[in-house]
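Worksheet: one structure, shown below.
We count residues from 1, following the sequence as given. These numbers come from the heavy atoms of this one structure, side chains and all, not from hydrogens, waters or symmetry mates. Remember, it's 1-based here, ligands and their atoms both numbered in the order they're listed.
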Amino acid sequence: MPFAQLNDVKLRYAVDGDRSRPALVLSNSLGTSLEMWDPQVARLSEHFYVIRYDTRGHGQSEVTPGPYSIAQLGGDVCGLLDHLGIGRAHFCGVSMGGITGMWLALHRPSRVDRLVLSNTAAYIGPHDNWTARAEAVRRDGVASIAPAVVSRWLTPEYALAHPEQVQSLIAMLGATPAEGYAANCIAVRDNDLRKQVSGIRAPTLVIAGSGDLPTPPADAQYLLSEIAHASYVELDAAHLSNQQQPEAFADTVIRFLLAD
Ligand SMILES: O=C(O)CCC(=O)CC(=O)O
C-alpha cells in the first residue's frame, strides 16, 4: 500500500474505485487501522473514489512524538487530500474518525462535501479515563487492554456468535503502537466540540449503535439536535457499527451520499 509523506508525518493510505467518481475519505476509530473498512470498501467503491488511511500513530502510519490533537489529525486529512490532488471530499469517520470529521467540517469546510459521523460524540469523557488508558498502554502495551476494549465494539450476543471477528479485532487493536495509541487517547481526551458543532454546515448523517456504550445514542442525538442539516440512523450494533452491521452500514452511507 502507498504512503504519503506529509509535512511532519508519513501516512499509509489506500485508494479504491474510479478516480473520476466523487471522493470519499474513511477515517478509522481509535486502535484500528484502515482495514477496519474492509467490510465496506467493495460496495462503497462502486460509487466513490474511496480513500482510506491509517490515522497518525496507527497501523503502519508513522508514530510521531505525541501527544496529538484533533486539529493535527484534521490537518493530516487535508495534507493527504493535497497529496492526492483532491480539493473536496465526502468524509465518513467512526468514533475518533468522526471527531476528526467534525473538526474538518468546522475548520476546513471547503474540504468537506457531505459528512457521516458514526458512533461518535462531540465530547467523549471522562477526562481521567483517557489519561489512565494512555498510561496503561505505555506501561503494559495495547494488547493488555485489547479484550476489554473490543468487548465494547460488538454487542455481547454478536461477539459470542462471531469469535473469529472478535479475535481479528483484538489482533488489529493489539498491533497498534503503544505510543501512537497513547498519543491519540490524549487527542480524544482534550477534544470538546459540544459548543461548536452547531457551526457545522455540511449535510450530515449521524449513525448511532443502539448498544454503543462509549458513545451512546444520546451523544448521536445531541449531534442531530445541534447540526442544522443532519439526519439520524440507529443500527442494532455496539461501538463499531460498521463491523457489526457491515451491509446496513454501507447501504445507509451510500443512500445518504447519493441522495439529491
Ligand atoms: O473508538 C474511538 O475512536 C474512541 C472511543 C473508544 O476508544 C471507545 C472504547 O472502545 O472504549
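With values rounded to the nearest 0.5 angstrom, R21 atom CZ is found 12.0 Å from Y49 atom OH. To the nearest 0.5 Å, atom CG of residue L240 and atom CE of residue M36 are 5.0 Å apart.
By the criterion of a heavy-atom distance under 4.0 Å, both the backbone and the side chain of S29 are placed next to ligand 1.
In this structure, the protein non-hydrogen atom closest to atom 10 (O) of ligand 1 is W153 NE1, 3.1 Å. In terms of protein heavy-atom proximity, atom 11 (O) of ligand 1 is closest to R133 NH2, 2.7 Å. At the shortest separation from atom 3 (O) of ligand 1 among protein heavy atoms lies L30 N, 2.7 Å. Remark: minimum distance from atom 6 (C) of ligand 1 to any protein heavy atom is reached at W130 CH2, 3.7 Å. In this structure, the protein non-hydrogen atom closest to atom 2 (C) of ligand 1 is S95 OG, 2.6 Å.
For R189 and E135, the salt-bridge test fails: no basic side-chain N is under 4.0 Å from an acidic carboxylate O.
Numbered from 1 in the order shown, with element, the atoms of ligand 1 that lie under 4.0 Å from a heavy atom of R152 read 9 (C), 10 (O), 11 (O). Residue V149 has at least one heavy-atom neighbour below 4.0 Å for each of these atoms of ligand 1: 10 (O). Atoms of ligand 1 found under 4.0 Å from any heavy atom of P214, numbered from 1 in the order shown, are 8 (C), 9 (C). With ligand atoms numbered from 1 in the order given, ligand 1 contributes 2 (C), 3 (O) to contacts under 4.0 Å with heavy atoms of M96.
Judged purely by atom type and a 3.5 angstrom limit, T155 has no side-chain atom pairing as donor or acceptor with the backbone of A237.
Side chains of S27 and Y53: a donor on one and an acceptor on the other come within 3.5 Å. Side-chain contact annotation: T64 with E62, donor-acceptor N/O pair under 3.5 Å absent. Looking only at atom types and distance, the side chain of T32 has no donor-acceptor partner in the side chain of H58 under 3.5 Å away.
Enclosure of atom CG in D18 by more than 12 non-hydrogen atoms of other residues, nucleotides or ligands within 6.0 angstrom is indicated.
In terms of polar-atom proximity, defined here as any N/O pair under 3.5 Å, Y181 makes no such contact with ligand 1.
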